[in-house]
Amino acid sequence: MKADRVQAFSDGIFAILITILVLEFRLPRYPTGKLATAALAQWPILFAYVLTFSYIGILWLFHHDLFCCIEKTSPKLNVLNLLSIFLTTLLNYSMSLLADSLVTQNKADMRFAFALYAAVAMSISASYFWLYSYLRKNKDLLSTEGYAVCFSTVRRLPLASTLIYAAAFGASLFSTAVGAMFLLIGIGFHGFAYWKTSRVQNS
């Protein structure tokens with residue numbers, strides 16, 4: 001199977017995921033003259049939406065640049081890619097739980113929602129580590145052998161983000177504020193990691 005077929009399939013899933021995120025928004029019920037208050041009360045949904053949209057957007061950038069380096073695929077690479085895509089699709093569900101728990105402000109629910117979100121993010125980062133490690137060892141799948149050196153360098157970045165999200169998971173079980181802080185750090189680190197990875201690939 002050619003890499004562009006896999007990339008087209010994956011791009012379609014990313015596009016659907018980002019599109020359906022906005023479906024979490026519902027018109028609020030409000031008495032006449034209280035629209036602004038009702039709209040502002042939906043801040044948890046907006047927070048979860050911006051967080052998840054940014055995260056999925058960065059993941060798509062990583063995935064796009066990854067497959068630009070690949071000339072052909074293998075059965076194992078296809079399975080690893082499907083696993084990564086599957087884990088990414090779980091972000092929509094975890095986003096919904098996160099937003100709902102922020103609305104109810106129940107501490108136990110918030111701890112569970114933040115921990116679940118962090119666990120999904122941790123799993124996604126681990127999947128990119130596996131993808132990079134596999135491609136580093138299978139140079140014949142790459143368009144040039146130089147990319148194997150690139151993946152050898154950048155594969156440490158998803159490993160670092162896995163550790164950040166592991167910290168977010170552990171912290172969320174005791175403090176949602178600390179867990180949220182680690183989640184934001186993790187997504188911010190993803191932005192830095194993409195910048196770093198793109199520089200290495202283009203050098």
Side-chain angles (χ1 to χ4, degrees), residues 1-18 51-95 115-170 182-183 185-203:
M1 185 183 296
K2 292 184 178 180
D4 56 355
R5 294 284 304 276
V6 179
Q7 184 174 0
F9 169 77
S10 303
D11 284 349
I13 295 178
F14 274 107
I16 293 170
L17 280 176
I18 284 184
L51 183 75
T52 309
F53 185 97
S54 301
Y55 187 23
I56 294 178
I58 294 172
L59 289 175
W60 174 76
L61 291 172
F62 269 113
H63 191 276
H64 178 272
D65 288 5
L66 172 68
F67 271 84
C68 284
C69 302
I70 301 172
E71 184 174 351
K72 58 184 179 180
T73 65
S74 68
K76 187 172 182 178
L77 178 60
N78 291 338
V79 171
L80 287 174
N81 181 63
L82 280 176
L83 174 62
S84 181
I85 293 295
F86 165 73
L87 293 169
T88 305
T89 62
L90 296 179
L91 284 172
N92 182 266
Y93 177 64
S94 55
M95 183 198 94
L116 178 63
Y117 198 105
V120 171
M122 180 174 59
S123 301
I124 293 171
S125 291
S127 73
Y128 275 84
F129 174 74
W130 295 332
L131 279 168
Y132 288 159
S133 297
Y134 178 76
L135 290 170
R136 179 179 68 92
K137 297 175 182 177
N138 294 269
K139 302 177 184 179
D140 57 308
L141 301 178
L142 304 174
S143 53
T144 65
E145 286 193 10
Y147 285 133
V149 178
C150 166
F151 290 134
S152 180
T153 302
V154 303
R155 72 192 183 101
R156 300 181 183 90
L157 295 173
L159 183 59
S161 62
T162 300
L163 296 176
I164 294 174
Y165 290 126
F169 175 81
F182 273 109
L183 275 178
I185 291 173
I187 293 175
F189 178 79
H190 265 94
F192 164 77
Y194 176 72
W195 172 79
K196 181 73 173 179
T197 301
S198 61
R199 287 193 64 184
V200 172
Q201 288 179 339
N202 293 326
S203 62

Could you pull out every donor-acceptor pair under 3.5 Å between side chains of residues 55-63 and any protein atom, sequence neighbours left out?
residue: Tyr55; atom: OH; partner: Ala121; partner atom: O; Å: 3.4
residue: Trp60; atom: NE1; partner: Asp11; partner atom: OD1; Å: 3.0
residue: His63; atom: NE2; partner: Asn81; partner atom: OD1; Å: 2.6

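Side chains of Ile85 and Phe14 form a contact here, defined as non-hydrogen atoms less than 4.5 Å apart. The closest side-chain heavy-atom distance from Tyr117 to Leu51 is below 4.5 Å. Here the side chains of Phe9 and Leu82 are in contact, with some heavy-atom distance below 4.5 Å. Residues Leu77 and Asn138 fail the side-chain proximity criterion, which asks for heavy atoms closer than 4.5 Å.
Here the closest heavy-atom approach between residue Thr73 and residue Ala3 is recorded as CG2-CA, 3.9 Å. Closest approach of Ala126 and Thr162 over heavy atoms only: N-OG1, 3.3 Å. Taking each heavy atom of Leu135 and Leu142 in turn, the nearest pair found is O-CD1, 3.8 Å. In this structure, Ile164 and Phe182 approach most closely via the heavy-atom pair CG2-O, 3.6 Å.
Proximity of a side-chain donor or acceptor of Ser125 to a complementary backbone N or O of Met122 within less than 3.5 Å is not detected. A donor-acceptor pair under 3.5 Å links the side-chain atoms of Ser161 to the main chain of Pro158, judged by distance alone.
A search for side-chain contact (heavy atoms from CB on, under 4.5 Å) contacts involving Ser54 returns Val50, not counting sequence neighbours. When the ring-ring contact (aromatic ring centres under 6.0 Å, His included) test is applied to Phe53, the partners found at least two apart in sequence or on another chain are Tyr49. Listed by chain and number, the residues in a side-chain contact (heavy atoms from CB on, under 4.5 Å) with Lys76 are Ser74, Leu80, Tyr134 (sequence neighbours excluded). The side-chain hydrogen bond (donor to acceptor under 3.5 Å, both in side chains) check on Ser127 picks up Ser84, with sequence neighbours excluded. Residues satisfying the side-chain hydrogen bond (donor to acceptor under 3.5 Å, both in side chains) test with Thr88, not counting sequence neighbours, are none. Taking the side-chain contact (heavy atoms from CB on, under 4.5 Å) definition, one finds that Ala119 meets it with Phe169, sequence neighbours left out. Residues satisfying the side-chain contact (heavy atoms from CB on, under 4.5 Å) criterion with Leu90, sequence neighbours excluded, are Phe86, Leu87, Val120. The side-chain hydrogen bond (donor to acceptor under 3.5 Å, both in side chains) test applied to Tyr128 returns no partner, not counting sequence neighbours. For Thr89, the side-chain hydrogen bond (donor to acceptor under 3.5 Å, both in side chains) test picks out no residue, with sequence neighbours left out.
Here the straight-line distance linking atom OG1 of Thr52 with atom CG of Leu91 works out to 6.5 Å at 0.5 Å rounding. Taking CD1 of Ile70 as the reference point, atom CG of Asp4 lies at 11.5 Å (rounded to 0.5 Å).
For an aromatic pair to be called close, the ring centres must be under 6.0 Å apart, and His64 with Tyr194 fails this.
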